[in-house]
Amino acid sequence: MVARSDDSEGPCDLVTVPARQGLEAVDILRRRNTPLSPEPGASRRPAGDGAATDATVPVGPVLHDGDCDTLGFLVPPGTAEQWDLPGSACTETFGRGARLAPDAAPPVDGTGWLVPPEDAETVTDPAALRDALGEAARVIEAADRCR
């Protein structure tokens, strides 16, 4: 179920990245949202520096383009004004259809959901996404050096 808050009621901004980096980032965000402790109700996750924190940061809805070259993460409105991560772009949607709604069709023709809105709790936190994209870039760089 998609959380409804003041941020998710309006149009969302969209962060687009190359698919390989985006897929790594989705995995990183999902891993961080997985409890480390087997105890019921545990909500500890590894932070970017490997330390554990009590907060969890779920991945929000994610789009893929038809050719699977690009992924798009829905983030809170206003993110585009401050987004500055090289290799990615953040676009204001200006209400052109990028809104959270269960069972929503993708807002752009030729796209599909990698993580559909009904499987997300809310949009992706921009700081967590920036951190995950940075980690993903480092993982890809290390993997490419091993070839």
Side-chain angles (χ1 to χ4, degrees), residues 1-37 39-141:
M1 184 65 150
V2 176
R4 298 286 182 236
S5 69
D6 291 338
D7 285 347
S8 66
E9 297 265 337
C12 300
D13 287 354
L14 184 70
V15 173
T16 54
V17 297
R20 186 175 178 200
Q21 185 180 14
L23 289 170
E24 287 288 344
V26 168
D27 287 344
I28 290 164
L29 289 167
R30 284 184 169 162
R31 234 182 12 251
R32 290 180 182 172
N33 198 36
T34 303
L36 295 175
S37 171
E39 300 156 28
S43 63
R44 297 178 58 81
R45 68 167 181 86
D49 61 2
T53 65
D54 288 326
T56 59
V57 181
V59 62
V62 180
L63 288 164
H64 65 80
D65 64 358
D67 295 331
C68 294
D69 293 328
T70 306
L71 292 186
F73 293 80
L74 293 182
V75 293
T79 300
E81 296 170 10
Q82 301 170 8
W83 192 260
D84 62 352
L85 188 66
S88 68
C90 188
T91 307
E92 294 177 350
T93 63
F94 302 108
R96 292 183 303 233
R99 295 178 184 269
L100 291 180
D103 301 321
V108 179
D109 287 339
T111 64
W113 291 113
L114 177 67
V115 179
E118 60 268 18
D119 291 350
E121 295 176 27
T122 187
V123 294
T124 302
D125 176 76
L129 179 58
R130 183 178 288 114
D131 184 51
L133 289 169
E135 184 176 337
R138 292 186 296 276
V139 166
I140 292 168
E141 182 181 342

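Remember, predicted model here, so these are calculated numbers, not experimental data. Along the sequence shown, the residues carry numbers beginning at 1.
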> Does any non-hydrogen side-chain atom of Leu85 lie less than 4.5 Å from one of Val17?
Replying inline: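 No - every pair of side-chain heavy atoms lies 4.5 Å or more apart.
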
> What pairs with Glu141 under side chain to side chain donor-acceptor pair (under 3.5 Å), at least two apart in sequence or on another chain?
Replying inline: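 Checked Glu141 against side chain to side chain donor-acceptor pair (under 3.5 Å); matches are Arg145.
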
>> Which residues pass the side chain to side chain donor-acceptor pair (under 3.5 Å) test with Ser88, not counting sequence neighbours?
In response: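 Partners of Ser88 under the side chain to side chain donor-acceptor pair (under 3.5 Å) test: Trp83.
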
> What salt bridge (charged side-chain N to carboxylate O under 4.0 Å, His left out) pairs are there with at least one residue in residues 72-82, not counting sequence neighbours?
Replying inline: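 Qualifying pairs, neighbours excluded: none.
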
>> Here's a test for you: under side chain to side chain contact (heavy atoms under 4.5 Å, CB included), which of Val15, Asp84, Thr79, Asp125 qualifies with Arg130?
In response: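 That would be Asp84.
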
> Quick one: side chain to side chain donor-acceptor pair (under 3.5 Å) pairs with a partner in residues 18-28, sequence neighbours left out?
Replying inline: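 Sorted pair list: Arg20-Asp144.
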
Show which side-chain atoms of residues 57-76 pair as donor or acceptor with protein atoms under 3.5 Å away, not counting sequence neighbours.
unit_1	atom_1	unit_2	atom_2	d
Asp65	OD1	Cys68	N	2.7
Asp65	OD1	Asp69	N	2.7
Asp65	OD1	Thr70	N	3.2
Asp65	OD2	Thr70	N	3.4

> Is any side-chain N of the basic residue among Arg32 and Glu135 closer than 4.0 Å to the acidic one's carboxylate O?
Replying inline: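 Yes, charged N to carboxylate O under 4.0 Å.
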
> Rounded to the nearest 0.5 Å, how far does CD1 of Ile28 lie from CG of Leu133?
Replying inline: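 Here the interatomic distance stands at 8.0 Å.
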
> Ala80: what forms a side-chain contact (heavy atoms from CB on, under 4.5 Å) with it, not counting sequence neighbours?
Replying inline: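 With neighbours one apart ignored, the set is Asp13, Cys90, Glu92.
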
